[in-house]
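Residue numbers begin at 1 in each chain, while the letters A, B, ... track the order of the sequences.
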Amino acid sequence: MQQSIPLSSPALATERIGRFKQEFQGMSVAAGPIVDAKVVAVKQALSGAIAPGSRVQVRGWVRTRRDSKAGLSFVNLSDGSCFDAIQVVAPNTLANYDNEIVRLTTGCALIAEGELVASQGKGQSFELLASRVDVVGWVDDPETYPIQPKPHSPEFLREVAHLRPRTNLFGAVSRVRQSIASAIHRYFNDNGFCWINTPIITGSDTEGAGEMFRVSTLDMMNPPRTDQGAIDFHKDFFGKETFLSVSGQLNVEGYCLALSKVYTFGPTFRAENSHTTRHLSEFWMVEPEIAFADLDANATLAEDFLKFIFKAVLAERPDDMAFFADRVEKAAISRLESIIATPFARIDYTDAVDILKKSGKKFDYAVEWGADLQTEHERYLTENHVSGPVVVTNYPEKIKAFYMRLNDDGRTVAAMDVLAPGIGEIIGGSQREERLDVLDRRIAQFGLDPKMYSWYRDFRRYGTVPHAGFGLGFERLVCYVCGLANIRDAIPYPRAPGSAEF
RNA sequence: GCCCGAAUAGCUCAGUUGGUUAGAGCACUUGACUGUUAAUCAGGGGGUCGCAGGUUCGAGUCCUGCUUCGGGCGCCA
């Protein structure tokens, strides 16, 4: 029948696209039999926006089935559009009731069509009184289908990461992740920022943020050699050694010094052998960079940005957030509300050290000026001293990166960490060193090769201005918003040392 | 990289000082019952107790090694 549609006809194309869009409003795909019903998302069907009595079609996956000897079955169907599933009421008058409906198990894919009605039962406002239910995909062995209508441990679900989006937990995480990502782009777009897609493959092997993954097409068994016997990377794909990027910051600074307000939002790779609940080998990072700006402006941006995102998630995903507060982390909602309502405190690193020393609290790690703050120190500051978000600024230059701007005291740099109760460091950033002579001294001091940074130095040679930015680990933000204990549950397919399944 | 812990049914777990045929709930299946809500009730199937050795008359249980998973620290986002 596809042949009967002349692809060149504008009228038919418009009609076809119109039909697709009508379905697209409801679900993400156009597939299966379409009769005379409007395709709707479960979210719409349960919202009250559709008049009772309307003929609608829903498409999704079975959560549970309950049979009633009153002559009907209740099939809870989820399509991921919202936390709740819709209850499909399937009467035994359906042609496939005895041979299909009563055999439905968790995970089966269905298209159900019928009348959207006010529910006779408790627990839901609307339900679908089905006049037709088509089974699109069966679960071939229900006994071994890993996703059951009961709580599973996150550890178990990591073993079936390809199927875990079928669960309440990962459905909710996925929608919240989307809400956060969307809010990030919206915040920057509305504030005049330009999204810059910095390269994933980089030739800089000394970006200073840890071990890097090599990118190479050389034959590992028999690589080309130089006269000295070293591997000859001049013969590699890019004609030089290349790696996966650990940060887009250095690249994005160039766009900042032309477009004024820019940000990166993309995948980042770190080959650190970290075994913690807060680290991934592959994660997504957000890095805004602003020109004609100092550390103070940077901190203000971070505060406004975080508050915007938290507000957006609470407004857009109340159903999922209620689930997190109920089942994952009691304070999931209240702590976001608290951060939104509380002005971020600002403390100089030197003052923070004094506060910690005078706290009288016994720390596992001693507090000394010149040493980085440990997680326990950060938690004391934000949870006990301030009882709210706090920005710690002006760290000793020896413990921070070479590109951070040296302060007039000569011993600190204009760096900042944003600390929040319950999570600790959520953002790290700095004002960048815009003075070429100072930058050169820093590069030398850190033992870096100036030739590797010639293009980065150019930004200071041609129209340099004070500028600043910060980095935010996207999955850490997802963890915090959802109350997740392990960052491997904040990304669909986690990659970590010794683990790259699926 | 360092330290600690765990591994018993598809899932969550119990299993006493080492002792007969390793149990429960959920899931699956059969039946009963019901506009049901993780429905309920009754029956049934389902296990190389992570792997490999060792101690012992006898090991799910004790010992050693390995594997995998989880947690903490360091590094960081």
Side-chain angles (χ1 to χ4, degrees), chain A residues 63-76 84-91 102-103 105-107 117-124 127 129 139-160 163-164 167-168 207-211 246-249 264-265 267-287 327 364-365 372-376 378 399-401 417-419 423-429 470-480 485-491 496-499 501:
Chain A
R63 280 293 173 77
T64 60
R65 189 199 86 234
R66 295 175 296 278
D67 301 322
S68 168
K69 280 299 184 294
L72 39 92
S73 290
F74 300 98
V75 180
N76 276 72
D84 288 320
I86 190 169
Q87 175 159 283
V88 175
V89 182
V102 296
R103 288 174 46 223
T105 57
T106 303
V117 296
S119 179
Q120 296 176 32
K122 296 169 187 165
Q124 60 280 318
E127 63 191 18
L129 184 55
V139 169
D140 68 10
D141 184 4
E143 197 157 352
T144 58
Y145 179 61
I147 309 301
Q148 295 170 17
K150 61 169 232 172
H152 292 283
S153 69
E155 292 81 11
F156 166 70
L157 290 172
R158 270 170 231 153
E159 297 172 14
V160 287
L163 295 173
R164 66 182 184 173
T167 63
N168 281 336
E207 293 188 24
E211 294 296 310
V246 296
S247 166
Q249 181 204 313
T264 72
F265 185 6
T268 305
F269 306 88
R270 305 246 170 120
E272 294 290 348
N273 192 18
S274 299
H275 293 98
T276 78
T277 57
R278 308 180 302 283
H279 290 85
L280 290 166
S281 305
E282 176 184 283
F283 64 99
W284 286 60
M285 189 155 61
V286 180
E287 297 168 293
R327 296 294 180 89
D364 291 339
Y365 287 82
D372 210 353
L373 298 179
Q374 297 293 317
T375 300
E376 58 177 345
E378 296 179 340
I399 60 172
K400 290 294 184 181
D417 282 351
V418 180
L419 314 177
I423 189 175
E425 180 180 341
I426 193 166
I427 278 177
F470 61 79
L472 169 80
F474 183 56
E475 283 75 19
R476 287 188 179 177
L477 187 62
V478 173
C479 272
Y480 186 64
N486 193 313
I487 200 165
R488 298 182 189 200
D489 300 327
I491 190 167
S499 175
E501 289 304 304

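- Within a 6.0 Å sphere centred on CG of A:Asp141, heavy atoms belonging to other residues, nucleotides or ligands number more than 12.
- For the pair A:Asp84 and A:Arg63, the salt-bridge criterion is not met [side-chain N within less than 4.0 Å of a carboxylate O].
- Ranking B:rU12, B:rG74, B:rG35 by closeness to the A:Ser153 side chain, first place goes to B:rU12.
- For the pair A:Thr64 and B:rA39, the criterion of a side-chain N or O lying under 4.0 Å from OP1 or OP2 is met.
- The listed nucleotides are B:rC11, B:rG35, B:rC73; the one nearest the side chain of A:Lys150 is B:rC11.
- In this structure, CD of A:Gln148 is placed 12 Å from P of B:rA39, rounded to the nearest angstrom.
- With sequence neighbours left out, A:His279 forms a ring-ring contact (aromatic ring centres under 6.0 Å, His included) with no residue at all.
- Of the candidates B:rG70, B:rC75, B:rG1, the closest approach to any side-chain atom of A:Arg488 belongs to B:rG70.
- Comparing B:rC28, B:rC33, B:rC76 against the side chain of A:Pro142 picks out B:rC28 as the nearest.
- OP1 or OP2 of B:rG71 sits under 4.0 Å from a side-chain N or O of A:Asn486.
- With B:rC76, B:rG74, B:rG35 as the candidates, the nucleotide lying closest to the side chain of A:Tyr365 is B:rG74.
- One can place CG of A:Leu419 at 15 Å from P of B:rC76, the figure rounded to the nearest angstrom.
- Out of B:rC33, B:rG35, B:rG71, the shortest distance to the side chain of A:Lys69 is found at B:rC33.
- The A:Gln87 side chain lies nearest to B:rG35 when the options are B:rG70, B:rG35, B:rG1.
- Considering only the side chain of A:Pro151, B:rA38 comes nearest among B:rG70, B:rU12, B:rA38.
- Ranking B:rU36, B:rC28, B:rA27 by closeness to the A:Thr105 side chain, first place goes to B:rC28.
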Item to check | Derivation of the salt bridge (Lys or Arg N to Asp or Glu O under 4.0 Å) call for A:Lys69 and A:Asp67 | outcome: CA-CA 7 Å; A:Lys69 280 299 184 294; A:Asp67 301 322; over 6 Å; no
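- For A:Glu155, the side-chain atoms get nearest to B:rG70 when compared with the rest of B:rG35, B:rG70, B:rC73.
- Along RNA chain B, the nucleotide nearest to A:Gly121 and the one nearest to A:Met285 differ in position, and the one closer to the 5' end is contacted by A:Gly121.
- Under the Watson-Crick or G-U wobble criterion, with both distances below 3.5 Å, B:rG65 is paired with B:rC51.
- When Watson-Crick and G-U wobble pairs are counted only if both distances are under 3.5 Å, B:rA38 pairs with no nucleotide at all.
- Residues A:Glu127 and A:Thr144 each lie close to RNA chain B; by heavy-atom proximity, the contact nearer the 5' end of the strand is made by A:Thr144.
- In the interface, the side chain of A:His279 is paired with the base of B:rC75 through a donor and an acceptor atom under 3.5 Å apart.
- Remark: P of B:rA27 and CZ of A:Phe156 are 15 Å apart, rounded to the nearest angstrom.
- Residue A:Ser274 places a side-chain atom within donor-acceptor reach of the base of B:rC75, judged by atom type and a 3.5 Å distance cut-off alone.
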